[in-house]
Each structure stands twice: as structure tokens, then as C-alpha cells.
Amino acid sequence: MIETILQLAANGIMSGAVLAVAAIGFTMMFAVLRFPNFSLAGHMAGGAYAGWIANTMFGLPLPLALLCGFLVAGGIGVASDFIVLRPLRRAAPITLAIASVAISLFIENALRFGFGNDLRSFDLPLARDWVIGWLRLGPQQVQNAGLAIVAMLILFVIFTFTQTGRAMRATADNAGLAAVKGIDTEKITRLVSFLGMGLAGAAGVLLGADTSIEPLLGLKVILSVFAAAVLGGLGSIPGAVLGAFAIGIVEEASQIVVPATYKGAVGFVAILLVLSFRPSGFLGRRQT
Amino acid sequence: MDSYLIAMVTLAAIYAMMAISLNLSWGLAGMVNLGLAGFISIGAYASGLLTTVLGWPVPLAILAAMIIGLVSGVALTYVTLRLRDDYLAIVTLGFAEVIRLAIVNELWLTHGSDGISGIPGIVAREYGYGFELGTLALALAAVALCYWLADRVRTSPYGRNLRAIRDDPEGTAVAGKNVTLIKVKTFGLSTAIAALAGAFYAHYTSFISPEIFQPLLTMYVFLALTMGGTGNNRGAMLGAFLLIFVLEASRFIAPSLPQFSAVQHAAIREMLVAVLFILTLLYRPQGISPETRHR
Amino acid sequence: MVLIVRDLVAGYGAADEILKGVSLSVGAGEIVSIIGPNGAGKSTCLKVIAGLLAPRRGSVTFKGHEIAGLPARRTAALGLAYVAQENNVFPSLSIQENLAIGGYLNPSTRRRRSDEIMGQFPLLRERRRDAARALSGGQRQTLAVAMALMSEPALLVLDEPSAGLSPVAAETLFETIVAIKAAGVSVLMIEQNALDALAISDRAYILVLGQNRQDGPAADLANDPEIRTIFLGG
């Protein structure tokens, strides 16, 4: 029993690390743009396909494919922000949220048009599971989690030690004041869209490397991503990371009691519980 | 009347119910429901199962479907009421996904992705043309009822409070009013209507499966309402007819682009829906028939 | 003159005009106060000067540049530092980071200024790693002013700096403002405590219903019996 629990916890930490990358993207965009950007799902899939092309057609190794996924999804993010969301900046947050659903629908179907609905997989070396004591770890999962953690560390450095990172956090705190201090908040918004959607794309590549990719790849995990962000407190980056690990572990652990097919529902239940008992999340401040 | 025309108008009437439902929650109260497809499928499956498995009479099953729709809507809003509207968006989206998962996985009840077939019509199918016309008449009557209900809500003092809540989420304009109760009641009514639309769909087409109630359906209804005019029940109905027109017109994509596969045709169609929705938001956000402001 | 405002007309909605032709000026090294009853348009006037609200008519000339209608970050780049009445610090950033953002437009002098300012305000140095959220009201105002000074502005525009502060904290803040003037920075401010404001000001303007009512040396206004009864509650 204890072995099973530890094994599930290890799996949960590995999948949580990948979730965290997407959840950071979601929550940082929420912090600056003040609406839940549902097109994260489409951007995840877009990034995953970019990484897949880089890997299977150009033979690039996973870390470089990851970078391609990041750059392409970030680029799509800036484009969709510029074309659709920027003209709606003054509209109600809910209007923006719904527009973002349409963006996702467009990206997913553009992918479907280009690549069909078939599952595709990355060209990665197959390796035997590592066995440490009674713990079994898939080398690919470990590598994915490692890459996710590296991505998070890079982001942490940007946010903490660079003036641009500080400017992003300042804009999230109070955009009006940031403008008074000379920050070009529109530029920061574009940068946040690039980084946020880029992270979504990177997470898409990691998810694809774990299993396979399809146009609805993002939609399938989006609830877990939202749950992670809500759990940690919308807008809080450390919160999103904690939330993602928690959701990853709980999703794995839930398999003890419910069939694995209901994994997607775990996030929803977590959201409901958090909203009922601690709406501001682990690390969030009170939102009304 | 031509059978094709009857079918299109019946379908438009069903979409009109969905659009009125969305208008009640989103248009009038500013409560977004991104899980509309979930509530529609609840209605469809409740009514479909009650008639096929338990042999309930159709009207009773539809009524039960509406009650289930109402209860689930109330339960869901209750959790998110104290919070910003973004949370309701996330929660309703999640709700629809969980309902979809349940329908796909609970094979013993729903037959999973095979769906449920042989759902009886509201008017017996044996009547042929009589079934078609009868269903159309009933659907139009149901739309009229929904419209009457929704418009009473809109023009009553209660509706004024709703708009005040929508336009001033801080709640200063409605100080002293029971905002919570107003919101819960409105959302419950709207999800009951969504369930009604779902039940109608099930009894009309006789077959339902999880494929039909994808998030795309929610998007269709948003498109209908936005094109017609958010906040305006007449706009909602108008938008439903426009939507059917757009969807039917998009059938010509396939013959005119034969070099693409069926999957690609479907993809083009959905991209068109997305683009049309975004263009409406950007260039005609008030819709064709804008909300008339009366204070 | 560092700042010359002429015949400013401005408002928020389409219909209402809050400012109906306000004129004022601030000279080099001067402290100038704007006083007047609620609804006189004092805050609106400062917002237009800072570039947060575009005026309908009138001109704002800062160091010889016409700045009316320029966005806030452009007026900031010219050396005009505006401190709002509230929400004037970044709560989740540390004090050190707040100061760094204060010097956002002056990357080359940022480090030096930060050291100088922390020397001037030992409290900020002591708590430089704390989040601004953790500061008391008076400390927060001090930080807001310190942030504004990071950019070595020619003019500091303060909207009710002492609002909500204890008398002791307000007095400390006024001392700070006097010290800022001594360093050669001009100050334009609105104050609730009109008498305290006049005590440290060189000149003052009285606004009523969006129009100039009276102006002159602060000491004269403070001693004018009519003004004392109507505006200064004395």
C-alpha cells in the first residue's frame, strides 16, 4: 500500500511539474490582463505541433523542440492578442474570456485542417523504466519534469532579478501606477502574452512527449491547469506552481478510488472545494 | 410546407430556446455560462433516459429534465456567487466537461459514445408529416413560452435589478436588495430552459450522443446571441435563425472545395464559426437587434 | 516657471465639465498648494497635469514642452513625478523593487539613487526586503514619495499626501516635502489640511467649482480672515 502511494506521489510530482508550466502561463496572463484566457488550450496544442514538427521532421532533440514550441506558441499568442484581444481591451473581462474561447476553437481547427485528428507521437528513444527500490520511474517522464523545472527556474530568474520581470510584476499589481512610472504597459502586456502562451506551448510539447499529440490536447488538460491556478490563487505564480503539484498528486491518487477515465473531473472537484472553503486559494489575496 | 424548411425552423426554435437561456444569465444578469452544452445535455439525457428506460410519458420526462436542469444550475451558482464572474466561467466550463466525462464513461446508463437511440417523439413519429408539423408547433410554442418568461423577467422591476447588478458588479446600485437570491433564481431559470432545449432536441431527433454536446455547441449559442443582440430576447431568437442559416450555408463548403477531406471541411466550418464570432465582437458587439435601454 | 497651466477645461463623461478654465504656475524650487472645497476639481487638475486625463481645452507647459494630452509615461520621462492619493505603491513588490520601478526610466542612475534615497529614509533601508503591503499608511506614503524621487524629477505632484495619516506621520511627511524643496525640486500639491499645507507652501491657489478663485503667497492667504472662515475652517 505504502509503495503504491509513494509511486502515485512520484508520478503526480512529475505530471504536476508539466502542469505547472502551463498554470504559470495562465496565471501570469490573468494577473496582467485580468481575464481567464481560455485560448491557452489552443496555444498548448499549437506549441505541441510546432515541437513535434521540429522533432520528427528536423530531428531536433526534445529540449530544442521544446524551445520551438515555446517560440511558436508565444508568437501565436502575440498575434491573437494583437488581432482579437487588443481591440477589446476595454470590454468586460467576460467578453474577453469568450473571445478567447473562439481563438482556441480557431487554432484547434487550423491544426485539425493541417494535421487531421490522428494521434501523433514524438520521435524519442525508448528506454526501460528506472527502478529505484520499489519505485519505478519512466526516463521520459523524469526528463520532462526536469525540463519543466528548468523552464520554471529561468522564469523565476527573469521575474526576480531583471528590471523587465519587475516591470511585469508591477504591471500586474497596478497597471495605472506602472504607466505613471514610465512603464509601457501595452508592451508589457504583449510580452506577458508571449511568455504566457509560450509556456503553454512548452507544456504542450512536454505533454506530447509524455503520450501523444492531437488538436484537442490542450482542451483535455485545461481543467487541471485552471484548477492548479485557482487552487494557488488566481494571479499568484508561486501559488500556481504549488497548485499544479497538488493537482498532479491528487489526480494520480484519485485513481485509487475512481476509474482513471475520471481524472479530468478531479480538477473540477478541486476547484469547487477551493471556491467553497478558501476562495482566494493557497497564496492568493482576497478577490471579490 | 416543405419538410426541409420545417426541420430547419424546428432546429432554429430549439436554438432559440438555448439563446434565450444564455441571454437570461449572460445578457441580463452578466453571469457567463460557458457550460451551456452541459446543461443542454443534462436535459437531453434526463428526458431521453426517463422515456426510454423507465417508460415515462414524454411531457412528464421533459418537466423532470427541466427540474434537474434548474437544480444543477442553482447548485453551481451557489458556490461561485460571492466571487468574481471569471470563476463562474471556469466552473461552468468544468461542469460541462465533467458531465461529458460522465456520459462517456457511465456505459450502463448512457451507452457511452454509442449514444441513446429510439427516443420517442413528443408527437408520435408514426404520424410522419403530422409528427414534423406537430413538433414544430410545440417547439414554437415552447419558444413563445420561454420568450414570455424571459421578457417578463427583463421588463419587471426584478429585471431592472438584474441589469443594475450586471452594469454595476460592486453592487452599490442595488444596495439592500438580495443580490444573491436574484442571481441564483435567474441562473436556475436559464439552466432549466437550457435543459428544456436539450429535451426537445432529444425527442425531436430521437438520437443523442456525447458528440452532439461538445463545447462547440456552447460556442454556437454564443454566436447566435451575439449576432442577434445580447441583452435582447428578440435578438436571441433572431440570432438562432441566423445561426441556422450560417450553419446550413456552410454546407456548401464541401462541394466547392472537393480537394479537401471531410475532416478538413469540418475544420473549415468551425474556423468560420470562430472568425464570425470574433468579427461580430469586434465590429458589431451590440448585434443586429441591440438591447433597448429603458430606465 | 517649471509648470504653466492655462485655461484648462476637462471632465470625465461626455457632458460634465469638472475644470472650467483653471490656470496656475509653479516656479523653480517652489512649493505650491491647491486648496478648495470638495468637488472643486483639484484632483482632476493634477490628473490632467500628470497625463492621466486628456483635457478638452487649454495648455499644460512643463519645462517649455507642451504636455497636455501626452500619456503619463511620457510626462514621467520629461521629469514630472506624480504621486496619487492611494494605490501609489506596488504592494507585492519589495521596497527595494518599488524603488527600482520608481527609477524605471533612469537605468543608469538607478543604483546610485536607490542608495541615496535609502540613506535619506533609513526606514526604507531597514525594511528594503519587505513587501510594500506590510508597511503602515505613513510608511507607504513615504515610499510613494521616495519612488517619485528615484527619477530625479524637476516637479513632484502630490495628491493629498497626508490623507489618512496620523498627525505625527503627517508632520514627518511635511518635513520630507520641505527637504525635497531644499534639494531643488518643485512641488505642486493638494492638501486636506489646508493650514498645514499653507505653512510649508510658498504660494497657493484656491479653486472653487472648477475655477480659480484666488491666489497669492501662502502666508497672505493663511492670514486672510475671509479665506480662513470659508476654506480653512478657522
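A, B, ... follow the sequence lines: proteins, then strands. Residue 1 opens every chain. What you see below is based on every heavy atom in this structure, not just the backbone, and it leaves out hydrogens, waters and symmetry mates. Here the structure is a predicted model, which means the values were calculated and not measured.
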message = Would you say that Arg112(A) contacts Glu270(B) through its side chain, given a criterion of any heavy-atom pair below 4.5 Å between the two side chains?
response = yes
Taking all non-hydrogen atoms of both residues into account, name the closest pair between [X] and [Y] and its distance.
| X | Y | answer |
| --- | --- | --- |
| Ala265(A) | Leu101(B) | N-CD1, 3.6 Å |
| Leu282(B) | Val84(A) | CD2-O, 3.7 Å |
| Phe268(A) | Val91(B) | CE1-O, 3.2 Å |
| Ala274(B) | Ala102(A) | CB-O, 3.4 Å |
| Ala89(B) | Ile94(A) | CB-CD1, 4.4 Å |

Side chain, backbone, both or neither: which part of [X] has a heavy atom under 4.5 Å from chain A?
| X | value |
| --- | --- |
| Ile90(B) | both |
| Leu76(B) | side chain |
| Phe95(B) | both |
| Met219(B) | side chain |
| Glu106(B) | both |
| Leu279(B) | neither |

ask   = Out of Val101(A), Thr95(A), Ile98(A), which one racks up the most heavy-atom pairs below 4.5 Å with chain B?
value = Ile98(A)
query = If you tally heavy-atom pairs under 4.5 Å against chain B, which of Leu272(A), Leu111(A), Ile271(A) wins?
reply = Leu272(A)
Rounded to the nearest 0.5 Å, what separation is found between the [atom1] atom of [X] and the [atom2] atom of [Y]?
| X | Y | atom1 | atom2 | value |
| --- | --- | --- | --- | --- |
| Phe277(B) | Leu105(A) | CZ | CG | 10.5 Å |
| Glu97(B) | Leu219(A) | CD | CG | 6.5 Å |
| Leu223(A) | Leu93(B) | CG | CG | 6.0 Å |
| Leu216(B) | Asn109(A) | CG | CG | 7.5 Å |

Counting only heavy atoms not in [X] (residues, nucleotides, ligands), do more than 12 fall under 6.0 Å from its [atom1]?
| X | atom1 | result |
| --- | --- | --- |
| Tyr78(B) | OH | no |
| Phe82(A) | CZ | no |
| Glu186(A) | CD | yes |

Heavy-atom distances under 4.5 Å only: say whether [X] touches chain B with side chain, backbone, both or neither.
| X | answer |
| --- | --- |
| Ala97(A) | neither |
| Phe106(A) | both |
| Val230(A) | side chain |
| Ile107(A) | neither |

ask   = Short question: side chain of Gln264(B), backbone of Phe113(A) - any donor-acceptor pair under 3.5 Å?
value =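 Yes: the side chain of Gln264(B) pairs with the backbone of Phe113(A).
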